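The shown structure was predicted, so the numbers you read here are calculated from the model rather than taken from an experiment. Below, read A as the first sequence line, B as the second, and so on, with proteins coming before strands; counting in each chain starts at 1.
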Protein chains: 2
Amino acid sequence: MEYDKSSVGKTITIYDIAEEAGVSASTVSRVLNGSASVRKEKKDRIQKLIEKYNFKPNALAKGLSDTATNTIGIIVADVRNPYYSALFVACEMAAEKAGYNVGLTNSLGEIDRECHELDLFVQQKVDAIIQMGGRVDDLITDDEYARKIRSVCTSTPVIVTGKLDKAPVYSVVIDEGAGMNLVMEHLISYGHEKIALVGGNMMVTSTFYKYRRYQENLKSRGIKERGEYVVNSAYDPESGYEAMNRIFELDDIPTAVIAINDFAASGIIRSIREHGMRIPEDISIVSFDNTYIADLTYPKLTSVDYNYKNYGQALIDTAIAVSMGKECPAFQTVEPKLVVRESSGPCKK
Amino acid sequence: MEYDKSSVGKTITIYDIAEEAGVSASTVSRVLNGSASVRKEKKDRIQKLIEKYNFKPNALAKGLSDTATNTIGIIVADVRNPYYSALFVACEMAAEKAGYNVGLTNSLGEIDRECHELDLFVQQKVDAIIQMGGRVDDLITDDEYARKIRSVCTSTPVIVTGKLDKAPVYSVVIDEGAGMNLVMEHLISYGHEKIALVGGNMMVTSTFYKYRRYQENLKSRGIKERGEYVVNSAYDPESGYEAMNRIFELDDIPTAVIAINDFAASGIIRSIREHGMRIPEDISIVSFDNTYIADLTYPKLTSVDYNYKNYGQALIDTAIAVSMGKECPAFQTVEPKLVVRESSGPCKK
DNA sequence: ATTAAATTTGAAATCGGTTTCAGACGGTCC
DNA sequence: GGACCGTCTGAAACCGATTTCAAATTTAAT
């Protein structure tokens with residue numbers, strides 16, 4: 001079968017429908033939205049035409065005249081990271097249930113890109129913006145990013161997954177500290193003391209709070225923190241791999257590694273294997289996010305779980321509530337739990 | 001620091017800028033777009049105000065009056081699948097270079113959802129829609145999906161990653177047949193004859209063409225096809241795991257498995273391991289997509305690579321060209337290559 | 001200094017919807 | 001039959017940009 005691809009049909013509008021039905025555009029609009037009663041006879045005629053032409057109202061025009069677009073913008077660091085893709089899908093599902101659409105963009109952790117995307121969503125008149133993987137408030141003074149968020153907030157509500165006192169945003173955050181407590185208790189109960197923290201960037205909220213609690217745990221248990229056991233990097237497998245290789249350059253190798261997330265952990269595992277070590281016999285590894293990766297590595301990863309479905313739901317609920325001007329707690333917390341699998345075990349030495 | 005979260009500032013418009021600058025909106029628009037010359041003195045005054053208020057023109061209004069929105073809609077089956085997330089990011093990068101924005105939605109393989117998303121993108125007046133993971137043309141008669149695509153095509157150009165003669169769409173497809181040839185040659189050169197094909201759904205174009213070429217390869221080499229060696233499923237790890245478990249229920253177990261993709265392959269590997277078999281000593285496994293997963297499984301996966309960057313670029317180039325009414329080949333092909341890693345080896349028996 | 005040519009500018013129409021407002025229509029009740 | 005009321009309906013204004021068209025202002029040329 002052959003089609004002429006240049007035959008782009010004329011887009012039909014509410015006026016075309018109105019004309020053919022012999023009514024005014026207002027009436028068609030009323031039928032479309034059920035916003036007022038329309039005489040049955042006309043209603044039927046109009047609906048038939050809508051059906052016939054498969055008419056879909058122009059969302060731009062609708063958004064222009066309405067106050068809301070029923071769209072929520074979501075900015076993640078990188079959808080290729082299974083943590084974000086899982087959370088995004090959870091948000092998408094929650095939004096769908098509520099009759100909202102979502103838009104997605106990747107910041108790739110670059111401030112410029114993030115600012116640009118905030119602008120784009122503002123221009124598109126999304127009802128709210130959810131920004132995942134934000135930067136650490138404590139480390140932000142008055143840089144471009146903070147200024148941008150602050151200016152965006154005046155027109156569009158912003159929900160972040162981090163803590164950010166410097167701007168009027170709403171936060172729905174994972175209690176990273178609680179997660180780290182679970183991890184530390186787990187490892188220390190196995191007798192580990194030489195514990196490394198691998199991956200992540202201290203400018204990112206979640207990483208910063210994990211690190212802080214890591215320090216506190218060591219301190220409260222009288223274990224001295226070793227600077228060389230904390231290796232920063234990005235969040236992907238390759239970065240995890242390289243970070244772990246650096247650990248192996250040390251004279252005294254740790255008996256346990258806390259990976260900043262599963263994504264990086266998969267690279268860490270590869271490094272460990274290539275160094276001829278067994279997991280968990282020689283080195284235990286525990287990570288965060290409990291994505292599908294935790295299930296497919298060998299051995300399977302012990303990982304901190306966030307319940308994506310609930311988390312996504314909470315983010316979307318907040319976004320919708322805030323955009324409709326409802327009262328909403330400015331700070332909400334999601335509790336993590338530890339899923340123990342095969343990658344962690346007793347410290348032999 | 002405390003902020004009043006209810007203080008949503010008034011959105012300022014081009015008219016506000018115009019008024020304060022003592023010019024007309026037309027002039028502001030001209031400055032904004034550099035579409036015509038404006039006296040330097042006024043221009044400076046306007047730009048200063050734009051800066052001062054951080055004014056960003058309403059994209060809805062702009063889209064309404066312009067013919068284009070500079071946006072491309074992308075529909076994937078599931079961003080959680082690393083194949084799609086990698087391809088999406090590649091598209092996003094290519095689009096950005098060209099000054100376009102992209103929108104993303106997940107169909108989750110459900111026809112209803114897919115149709116709904118096509119409608120949404122049409123309503124949002126995207127300049128083109130890229131639909132990845134399409135259904136098999138040969139198996140489509142006149143179902144809801146084909147009808148929908150056909151009706152969408154009349155208003156918005158559609159680019160698919162499959163073959164679809166039943167509607168005037170553009171195709172940029174991976175040569176799945178060539179990929180399967182590489183895989184079969186590789187396995188057969190290692191002496192394998194009992195080769196299973198695990199995962200995937202024959203309604204999906206790419207899977208269908210892989211299967212066809214699988215059959216042809218067996219036939220041309222005089223190997224009889226065994227129905228029980230072809231197990232369909234979805235494309236995720238869990239589905240791969242279950243599908244492979246079914247293979248293990250057979251009396252005569254294959255010596256090599258072709259996984260429909262890396263994502264499913266990771267589950268297949270788990271099943272093989274749990275059945276006490278070694279890879280590749282007991283069973284070889286080769287898969288498609290060459291995502292980051294191929295590098296993080298143990299052993300690493302031999303996988304067919306598509307060069308995401310080029311592929312994404314080709315999709316976006318086509319989308320942009322078509323949306324601007326430029327001539328464009330209706331059917332383009334991307335050549336795959338095989339990346340050999342550790343999961344495939346000689347057949348022992 | 002005039003006039004022609006080029007450059008700037010704003011009013012108004014347009015994109016495709018929604019919504020307010022006032023009038024038309026039909027029915028009910030005395 | 002007239003007053004009253006509720007249901008429908010369309011004209012017109014509006015949302016926030018762009019763009020055409022013609023007028024106004026400069027600038028250049030003679």
Chi angles and distances behind the side chain to side chain contact (heavy atoms under 4.5 Å, CB included) call for A:Glu114, A:Leu108: CA-CA 8 Å; A:Glu114 210 151 307; A:Leu108 301 183; over 6 Å; no

A:Glu20 vs A:Lys52, salt bridge (Lys or Arg N to Asp or Glu O under 4.0 Å): CA-CA, chis, key distance, verdict: CA-CA 12 Å; A:Glu20 189 163 341; A:Lys52 172 179 167 192; 3.2 Å; yes

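Contacts between chain B and DNA chain C, taken as any atom within less than 4.0 angstrom of a protein heavy atom, begin and end at C:dT8 to C:dG16.
For the pair B:Asn101 (side chain) and B:Thr71 (backbone), a donor-acceptor distance under 3.5 Å is absent. Side chain of A:Asp44 to backbone of A:Glu41: no donor-acceptor contact under 3.5 angstrom is found.
A straight line from NZ of A:Lys42 to P of D:dT7 spans 17 Å, rounded to a whole angstrom. Here D:dG16 presents its C1' atom at 13 Å from CD1 of B:Ile17, a figure rounded to the nearest Å. Between the CD atom of B:Glu41 and the C1' atom of D:dT25 there is a distance of 13 Å, rounded to whole Å. For the pair B:Lys62 NZ and D:dC15 C1', the computed distance is 17 Å after rounding to whole Å. Atom CG of B:Leu64 is separated from atom P of D:dA17 by 12 Å (rounded to the nearest Å). Rounded to whole angstrom, the span from the CG atom of A:Asp66 across to the C1' atom of D:dG16 amounts to 14 Å. As a whole-Å value, the separation of A:Gln124 CD from D:dG16 P is 17 Å.
Between B:Tyr100 and B:Ser323, some side-chain heavy-atom pair lies under the 4.5 Å cut-off.
At a cut-off of 3.5 Å, with distance as the only test, a side-chain donor of A:Asn33 or A:Lys62 sits close to an acceptor on the other residue. Side-chain polar atoms of A:Tyr170 and A:Gln332 form no donor-acceptor pair below 3.5 angstrom. With 3.5 Å as the limit, one finds a donor-acceptor pair spanning the side chains of A:Gln313 and A:Lys97.
For the segment residues 22-40 of chain A, the set of residues with a heavy atom within less than 4.0 Å of an atom of DNA chain C comprises A:Ser26, A:Ser29, A:Arg30, A:Asn33, in numerical order.
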